[in-house]
Structure formats: C-alpha cells, structure tokens
Participant: 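Quick one: structure below, then a few questions.
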Amino acid sequence: MNADIGIWSRLTRMTMILLVAAAILAVGVILSRYYVHVIQQNQRIRKTVLQIETRIQKEEETARQLNSSVHALSNDPKTVERLARERLGYAKPGETVIRFEAPATNSAAR
C-alpha cells in the first residue's frame, strides 16, 4: 500500500537535493578560483625560467668565447703579436705604424 505522506516530504527531499547541489557548486567555484591562481602563478614561473635559461645560454656562449680567447693567447704567439699590433700600436724594428682616424663630421653645419 502506497501512502502519500504529502507535499512536505517531497519539498524536504527537493530542498536537500538543492542544498547538496549548492554545496557542490560552491566547492567547485572555490576550487576553480584557487586553480586559476595556481595556473597564473605557474605561467609566471615558466616565463621567468625561460628568461633565466636564455640568459644562461648567452653567458655560456660568452664563456666559450672567452675560453677560446684565453687558449689562443696562451698557446699562439701569432695571436699575441696581432693583438699587440692592433691594440697597442706595436711594430717590429724597421716597420712604420700608420694610424687611420675616422673623418670628423660637422653636425652643426647641417
């Protein structure tokens, strides 16, 4: 025998279902806000890591070039001679050093 308890049992059941749905929705909204913050923070960290890795690669290339220069200066007398001639203006006995200067421009006349 099915006894109809009335509208109150149905309303109570519906209210409980709606309360559970609201709680699940609230938890979902809170978690989504948290995860959006975490995702944005992750993106900022990845961008920083990429910038640092790029800077590391540039510094490693500079270090390789400097090591190559040090090796050349340590082991190759022709390199030392070339640098002494270019930077210091040295010459062998009997040679004449001629320096060329860039022409002076008169920017005020324009």
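The shown structure was predicted, so the numbers you read here are calculated from the model rather than taken from an experiment. Basis for what follows: all heavy atoms, side chains included, without hydrogens, waters or symmetry-related copies.
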Participant: Can you tell me how far the CG atom of Leu19 sits from the CD1 atom of Ile24, to the nearest 0.5 Å?
Facilitator: 11.0 Å
Participant: Could you see if Tyr35 belongs to whatever hydrophobic cluster contains Val27? Use Ile, Leu, Val, Met, Phe, Trp, Tyr and a side-chain cutoff under 4.5 Å.
Facilitator: yes
Participant: Report yes or no: do His71 and Asn75 form a side-chain donor-acceptor pair below 3.5 Å?
Facilitator: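 Distance-only check passes for His71 and Asn75.
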Participant: For the atom pair OG1 (Thr15) and CH2 (Trp8), what is the distance rounded to the nearest 0.5 Å?
Facilitator: 9.5 Å
Participant: Ion pair present between Glu53 and Arg46, side-chain N to carboxylate O less than 4.0 angstrom?
Facilitator: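 Answer for the salt bridge query: no.
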Participant: Hydrophobic cluster mates of Leu18, side-chain heavy atoms under 4.5 angstrom, ILVMFWY only, any path?
Facilitator: Met14
Participant: Mind checking whether Leu31 and Val38 sit in one hydrophobic cluster, side chains of I, L, V, M, F, W, Y counted as touching below 4.5 Å?
Facilitator: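 Shared cluster, yes.
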Participant: Any chance CZ of Arg64 has more than 12 other-residue heavy atoms, nucleotides or ligands included, within less than 6.0 Å?
Facilitator: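 More than 12 within 6.0 Å, yes.
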Participant: Using the rule given for side-chain contact (heavy atoms from CB on, under 4.5 Å), can you reason through Arg85 versus Glu81, listing the C-alpha separation, both sets of side-chain angles and the distance that settles it, and then say yes or no?
Facilitator: CA-CA 6 Å; Arg85 288 172 177 266; Glu81 180 183 343; 3.2 Å; yes
Participant: Where is the tightest heavy-atom contact between Val97 and Ala91, given as atom of each residue plus distance?
Facilitator: CG2-CB, 3.4 Å
Participant: To the nearest 0.5 Å, what is the distance between CG (Leu66) and CD (Glu61)?
Facilitator: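 Going from the CG atom of Leu66 to the CD atom of Glu61 covers 10.0 Å.
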Participant: Strictly below 4.0 Å, N to O, side chains only: are Arg55 and Glu59 in salt-bridge contact?
Facilitator: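 Salt bridge between Arg55 and Glu59, a charged N being under 4.0 Å from a carboxylate O: no.
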Participant: Hey, could you give me the OG1/NZ distance between Thr62 and Lys58, rounded to the nearest 0.5 Å?
Facilitator: 9.5 Å
Participant: What are the two closest non-hydrogen atoms of Asp76 and Thr79, and how far apart are they?
Facilitator: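 For Asp76 versus Thr79, the nearest heavy atoms are OD2-OG1, 2.8 Å.
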Participant: Side-chain contact test, heavy atoms from C-beta onward, threshold under 4.5 Å: evaluate it for Lys47 versus Gln51 and give yes or no.
Facilitator: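 Yes, side chains in contact.
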Participant: What's the shortest heavy-atom distance between Val80 and Leu73, and which atoms?
Facilitator: CG2-O, 3.5 Å
Participant: Output yes when a side-chain donor or acceptor of Glu95 lies under 3.5 Å from a complementary backbone atom of Lys92, and no otherwise.
Facilitator: yes
Participant: Are Ile45 and Ile39 connected, step by step, through hydrophobic side chains (Ile, Leu, Val, Met, Phe, Trp, Tyr) whose heavy atoms are closer than 4.5 Å?
Facilitator: no
